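Within every chain, numbering begins at 1; the chains are lettered A, B, ... in the order of the sequence lines, protein sequences first and strands thereafter. Not measured: the values here are computed from a predicted model.
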Amino acid sequence: MKGFIRSHLCGNLTKSNVGQQVTLNGWVHSVRDHGGLIFIDLRDISGTIQVVFNPEKDPKAHKLAETFRQEYVIGVIGDVLARTEDMVNPKIPTGALEVLVHQVKLLNPSLTPPFLISEEVNTNEELRFKYRYLDLRKPQMQNNILMRHKISKTIRNFLDNNGFIDIETPILNKSTPEGARDFLVPSRINQGKFYALPQSPQIFKQILMVSGFDRYYQIARCFRDEDLRADRQPEFTQVDIEMSFITKNEILTMMENMIATILKDCYQIEIPLPINRMSYDEAMSKYGSDRPDLRFDLPIYDVTSAVKDCSFQVFKNVIESNGIICAINAKSGEKLSRKDIDDLTSFISQYGAKGLAWMRVKNKKLESNIVKFFSEDIQNRLMDQLKTEDGDLLLFIADQKQVVYESAGNLRLKLGDMLSLVDREKLAFTWVVDFPLFTYDEQAKRYDSVNHPFTTPHLDQLDILSEEPLQVLSETYDLVLNGTELGGGSIRIHNYDIQKEVFKLLGLDEAQAEEKFGFLLSALKYGAPPHGGIAFGLDRVVMVLQKMTSIRDVIAFPKTQRGVCLMSGAPSTVNEEQLLELAIQVDE
RNA sequence: GGGGGUGUAGUUCAGCUGGUUAGAACGCUGCCCUGUCAAGGCAGAGGCCGCGGGUUCAAGUCCCGUCACUCCCGCCA
């Protein structure tokens with residue numbers, strides 16, 4: 001490095017540097033060797049700049065530059081020149097400048113990389129993960145990681161400005177069998193016992209409210225040993241937030257201000273506030289999802305009453321068994337072929353739907369192999385309710401409510417994609433509120449929390465909590481952006497008796513509740529303040545804002561779908577002594 | 001645990017109803033080239049067609065198994 005300590009970053013050079021001598025360090029992004037002149041795009045964290053080697057200016061530097069290959073690390077000393085008008089490269093920010101080199105040093109050569117460090121070709125993820133250090137050199141990946149940093153910095157600043165205190169909570173925790181599968185860590189000092197990695201700091205942040213910290217936040221790593229998805233990794237990051245002496249409205253307002261600040265500071269986008277709120281009930285019945293993608297309309301219509309007198313046996317049977325019939329009007333769906341409809345049918349079958357009925361709208365009339373089972377009166381009512389126009393395609397799903405919502409919701413997304421209804425530039429936010437407190441688990445014959453067991457029921461429904469728990473709504477809220485749940489939270493139970501009652505409905509008797517959550521129950525008895533909070537999935541926030549389709553692209557070192565790190569090789573076997581110390585035996 | 005997709009040169013891909021020497025582009029190597037910017041021109045090297053079995057006169061292609069990556073269902077309070 002001697003004599004080549006950098007004075008500037010490549011991408012930061014501007015017109016104001018013209019005429020100056022600069023020292024740059026970086027990677028050789030591309031070489032254009034004209035035999036005489038050699039042009040090299042030199043890349044560092046800030047971007048690229050063209051550096052020029054002219055044999056007439058310095059034959060020694062030019063000679064060395066002839067040996068440079070992609071990804072060599074070099075240092076150059078040269079003069080910043082303004083390019084003449086006809087030589088400006090409008091594709092890069094520094095395209096009006098170049099550096100004429102008069103001294104150069106090879107700092108480190110490189111093997112030929114296994115793939116190009118450019119965005120032009122998508123490389124197979126297997127190779128990208130194996131050479132993640134090279135993958136992360138790609139400008140898009142660097143931008144993702146950089147924006148992730150900016151977003152979390154903005155969040156920290158915002159929360160700090162609003163009186164939130166960053167407090168760390170334990171990574172080594174007690175395992176609780178509820179919820180996701182725990183990652184376990186064996187205890188050497190207490191052989192045969194295990195810690196669990198946190199699924200979220202939920203209980204600790206509530207305890208911190210009892211301790212009087214008033215406003216807490218943590219950008220916390222969380223762990224869940226479940227199967228992976230494009231938006232799910234075994235370890236992920238939550239922006240974990242909790243506030244005391246607070247109402248739902250205050251939290252929502254605070255959080256939408258935080259989101260608006262992120263968009264303003266990191267993306268220079270102003271979003272209108274307040275963010276629209278939608279009940280869980282509306283989200284499910286209209287969009288078939290608790291995280292509706294509102295970038296396009298295409299609502300689901302319940303046509304059960306319109307078709308109740310038809311003679312179509314499939315519909316009649318469903319109505320008799322208390323199911324419902326929903327329809328989607330695929331606007332201008334005439335471009336969908338029979339094969340497309342067949343594909344959609346098998347698509348929704350994975351959500352449990354048994355079939356997909358369809359009708360085309362032509363000359364203000366319905367056409368299909370089943371219209372004969374629908375009287376003219378019913379057909380008119382359908383066309384009226386679904387606001388049909390010629391060229392529309394009506395798609396019907398009949399089944400039990402849950403199945404219909406889930407299939408129709410996913411069908412809606414699929415159609416939005418097939419009919420190109422999604423505006424990729426749009427940011428469609430909504431709060432989804434008033435989730436039910438419980439669902440009923442038919443198999444286990446007990447109630448389950450929809451959110452978690454510490455969520456408070458609507459206080460004006462306390463009188464029916466014990467008798468009609470399924471009717472009770474909770475003080476919950478999820479923030480949804482473009483069909484992705486960015487985060488969710490609730491007002492918590494701060495009253496010992498209500499918490500005990502909820503545990504009871506969940507099938508935990510007093511002894512079990514005491515064993516699992518005794519410390520929380522106990523804390524509630526010592527003056528717990530009313531409190532509530534929320535947690536955002538930072539990975540998902542960054543993914544959606546960066547317009548990525550996988551959180552792997554916003555995590556520096558992610559794992560594959562089988563939970564493997566292809567770079568380091570984790571997980572791996574361990575040696576016999578390690579196991580002996582832990583008193584652990586591995587079955588072959 | 002289940003369903004779908006992919007696996008061919010360093011990379012991204014093509015390779016038809018099985019057929020003789022498996023192609024292209026980029027990258028790589030060498031030569032030419034003083035204004036390119038994904039530089040250009042010429043020449044060249046580079047393949048256990050993921051792996052293992054099977055069918056066949058003949059398999060990249062068909063069948064069975066297996067592995068890896070990926071999307072989804074289950075799972076994720």
Side-chain angles (χ1 to χ4, degrees), chain A residues 29-42 48-57 62 69-71 81 83-84 86-92 94-96 98 100 111-131 134 176-182 199-200 202-203 222-234 236 343 346-352 406-407 410 413-414 435 437-439 441 446-455 474 476 485 488 490 502-503 506-508 516-517 537 549-550 552 559-562 564 566:
Chain A
H29 192 65
S30 67
V31 185
R32 292 177 293 281
D33 186 345
H34 286 228
L37 288 177
I38 297 173
F39 300 99
I40 285 179
D41 292 334
L42 190 64
T48 62
I49 179 88
Q50 171 165 284
V51 299
V52 186
F53 296 85
N54 189 328
E56 287 163 14
K57 173 80 181 175
H62 180 267
R69 297 292 178 268
Q70 279 182 72
E71 301 308 308
L81 308 178
R83 301 199 204 176
T84 59
D86 53 321
M87 289 183 213
V88 169
N89 178 4
K91 290 185 198 164
I92 58 170
T94 60
E98 63 188 10
L100 182 60
L111 294 175
T112 301
F115 50 83
L116 280 175
I117 313 299
S118 80
E119 310 303 330
E120 319 300 334
V121 194
N122 331 335
T123 315
N124 171 354
E125 271 193 309
E126 205 171 342
L127 204 64
R128 290 176 55 198
F129 286 171
K130 184 172 171 195
Y131 297 97
L134 298 180
T176 53
E178 290 78 22
R181 195 176 293 111
D182 282 324
Q199 297 181 20
S200 87
Q202 181 61 37
I203 296 178
C222 303
F223 306 85
R224 295 180 187 173
D225 187 7
E226 296 293 349
D227 286 357
L228 289 81
R229 288 284 191 283
D231 62 351
R232 269 165 39 189
Q233 283 272 308
F236 60 100
D343 289 347
S346 72
F347 172 73
I348 60 169
S349 74
Q350 62 180 320
Y351 305 100
E406 206 186 336
S407 330
N410 283 292
L413 295 177
K414 188 85 173 172
F435 284 66
L437 188 62
F438 299 114
T439 53
D441 183 335
R446 62 176 174 81
Y447 298 100
D448 262 337
S449 290
V450 168
N451 188 236
H452 54 60
F454 319 113
T455 298
S474 60
T476 41
E485 181 198 326
S490 63
V502 168
F503 281 149
L506 292 172
L508 292 178
K516 285 172 183 161
F517 305 113
T549 51
S550 162
R552 294 187 297 273
K559 298 197 168 43
T560 69
Q561 201 176 37
R562 294 188 66 246
V564 171
L566 292 178

> Of A:Arg69 and A:Pro55, whose closest RNA chain B nucleotide lies nearer the 5' terminus?
Replying inline: A:Arg69
> Quick one: does A:Thr476's side chain have a donor or acceptor within less than 3.5 Å of a partner on A:Ser490's backbone?
Replying inline: no
> Counting just side-chain N and O atoms, does A:Arg181 come under 4.0 Å of either OP1 or OP2 of B:rA77?
Replying inline: no
Give every donor-acceptor pair under 3.5 Å between a side-chain atom in residues 223-230 of chain A and any protein atom, sequence neighbours left out.
unit_1, atom_1, unit_2, atom_2, d
A:Arg224, NE, A:Gln199, O, 3.3
A:Arg224, NH2, A:Gln199, O, 3.2
A:Glu226, OE1, A:Arg181, NH1, 3.4
A:Glu226, OE2, A:Arg181, N, 2.8

> Can a donor-acceptor pair be found between the side chains of A:Ser30 and A:Asp41 at a distance below 3.5 Å?
Replying inline: yes
> If pairing requires Watson-Crick or G-U wobble contacts with both distances under 3.5 Å, which nucleotide is the partner of B:rU21?
Replying inline: none
> A:Leu228 has an atom CG; how far is it from atom P of B:rU70, in whole Å?
Replying inline: 8 Å
>> A:Phe517: which residues meet the ring-ring contact (aromatic ring centres under 6.0 Å, His included) condition with it, sequence neighbours left out?
In response: A:Phe454, A:Phe503
> Counting only N and O atoms by type, is there a donor-acceptor contact under 3.5 Å from the side chain of A:His62 to the main-chain atoms of A:Gly36?
Replying inline: yes
> Taking A:Ser474 for the side chain and A:Phe435 for the main chain, is one N or O donor matched with an acceptor at less than 3.5 Å?
Replying inline: yes
> With rounding to whole Å, what would you report as the distance between B:rG47 and B:rG10 at their P atoms?
Replying inline: 7 Å
>> Check for me: is A:His34 stacked on B:rA39 by the 5.5 Å centroid and 30° plane-angle rule?
In response: yes
Atom pairs under 3.5 Å: protein N/O with N/O of nucleotides 66-68 of chain B:
unit_1, atom_1, unit_2, atom_2, d
B:rA68, OP1, A:Arg562, NH1, 2.7
B:rA68, O2', A:Glu126, OE1, 3.3
B:rA68, O2', A:Glu126, OE2, 2.4

> Rounding to a whole Å, what distance do you find between A:Tyr351:OH and B:rC73:P?
Replying inline: 5 Å
>> Using a 4.0 Å heavy-atom cut-off, does A:Gln70 contact any base of the nucleic acid, only the sugar-phosphate backbone, or nothing at all?
In response: sugar-phosphate
> If we take the C1' atom in both B:rC62 and B:rU56, what is their distance in whole Å?
Replying inline: 10 Å
> Separation of A:Arg128 atom CZ from B:rU70 atom C1', in whole Å?
Replying inline: 12 Å
Where do N or O atoms of nucleotides 46-52 of chain B meet protein N or O atoms at under 3.5 Å, pair by pair?
none

> So which one's nearest nucleotide on RNA chain B is more toward 5', A:Asp448 or A:Thr549?
Replying inline: A:Thr549
>> What's the gap between B:rA9 and B:rG5 when it is taken at their C1' atoms, as a whole Å value?
In response: 23 Å
>> Rounding to an integer number of Å, can you tell me how far A:Asp182 CG sits from B:rC76 P?
In response: 12 Å
> At under 4.0 Å, does any side-chain N or O of A:Arg232 touch on OP1 or OP2 of B:rC75?
Replying inline: no
>> I'd like the C1' distance from B:rG2 over to B:rA58, given in whole Å.
In response: 37 Å
> Considering only heavy atoms from C-beta outward, does the side chain of A:Leu116 approach that of A:Gln70 to under 4.5 Å?
Replying inline: yes
> Which value, in whole Å, describes the distance between the C1' atoms of nucleotides B:rC51 and B:rC67?
Replying inline: 7 Å
> Any chance NZ of A:Lys516 has more than 12 other-residue heavy atoms, nucleotides or ligands included, within less than 6.0 Å?
Replying inline: yes
>> Going by the rule side-chain hydrogen bond (donor to acceptor under 3.5 Å, both in side chains), which residues pair with A:Thr94 if we only count those two or more places apart in sequence or in a different chain?
In response: none
>> Between B:rU20 and B:rU66, how far apart are the two P atoms, rounded to whole Å?
In response: 32 Å
>> For a quick test of reading the model, state the closest non-hydrogen atom pair linking A:Phe129 to A:Lys559 and the distance between them.
In response: CE1-O, 4.4 Å
>> So A:Arg552, base contact, sugar-phosphate only, or nothing? Heavy-atom distance under 4.0 Å.
In response: sugar-phosphate
> Can you check the A:Glu56 CD to B:rU34 P distance for me, whole Å?
Replying inline: 10 Å
> Given atom CZ of A:Phe129 and atom C1' of B:rC69, what is their separation to the nearest angstrom?
Replying inline: 9 Å
> What's the CG-P distance between A:Asp33 and B:rU34, to the nearest Å?
Replying inline: 10 Å
> Side chains of A:Ile38 and A:Val52: does their closest heavy-atom pair fall under 4.5 Å?
Replying inline: no
>> Check this one for me: any side-chain N or O of A:Lys91 less than 4.0 Å away from OP1 or OP2 of B:rA38?
In response: yes
>> With a 3.5 Å distance limit and no angle check, can you tell me whether A:Ser449 reaches the backbone of A:Asn451 through a side-chain donor-acceptor pair?
In response: no
> How long is the line joining CD of A:Glu226 and C1' of B:rC75, in whole Å?
Replying inline: 5 Å
>> Applying the Watson-Crick and G-U wobble criteria at under 3.5 Å, what pairs with B:rG40? Answer none if nothing qualifies.
In response: B:rC32
> Where is the tightest heavy-atom contact between A:Thr48 and A:Ile92, given as atom of each residue plus distance?
Replying inline: OG1-CD1, 3.9 Å
>> Work out how far the P atom of B:rG4 is from that of B:rA25, and round it to whole angstrom.
In response: 37 Å
>> Using side-chain heavy atoms (C-beta onward) and a distance below 4.5 Å, is A:Thr560 in contact with A:Leu566?
In response: yes
> Just by protein heavy atoms under 4.0 Å, how would nucleotides 4-14 of chain B read 5' to 3' in B, S and -?
Replying inline: ------SSS--
> Looking for any heavy atom pair under 4.0 Å, which part of the strands does A:Asn54 touch: base, sugar-phosphate only, or nothing?
Replying inline: base
> Of the nucleotides B:rG1, B:rU34, B:rC76, which one has an atom closest to the side chain of A:Arg224?
Replying inline: B:rC76
> Does A:Arg32 have a side-chain nitrogen or oxygen under 4.0 Å from the phosphate oxygens OP1 or OP2 of B:rU36?
Replying inline: no
> Across all strands, who's sitting opposite B:rG46 as a Watson-Crick or G-U wobble pair, both distances under 3.5 Å?
Replying inline: none
> When rounded to the nearest Å, what value does the distance between C1' atoms of B:rC13 and B:rC49 take?
Replying inline: 13 Å
> Within a strict 4.5 Å, meaning less than it, do heavy atoms of the A:Phe438 and A:Val450 side chains meet?
Replying inline: no
>> Does the structure show a Watson-Crick or G-U wobble partner for B:rC16, both distances under 3.5 Å? Name it, or say none.
In response: none
>> Tell me which nucleotide, if any, is Watson-Crick or G-U wobble paired with B:rC69 when both distances must be under 3.5 Å.
In response: B:rG5
>> Taking any heavy-atom pair under 4.0 Å as a contact, classify A:Glu98: base, sugar-phosphate, or nothing.
In response: base
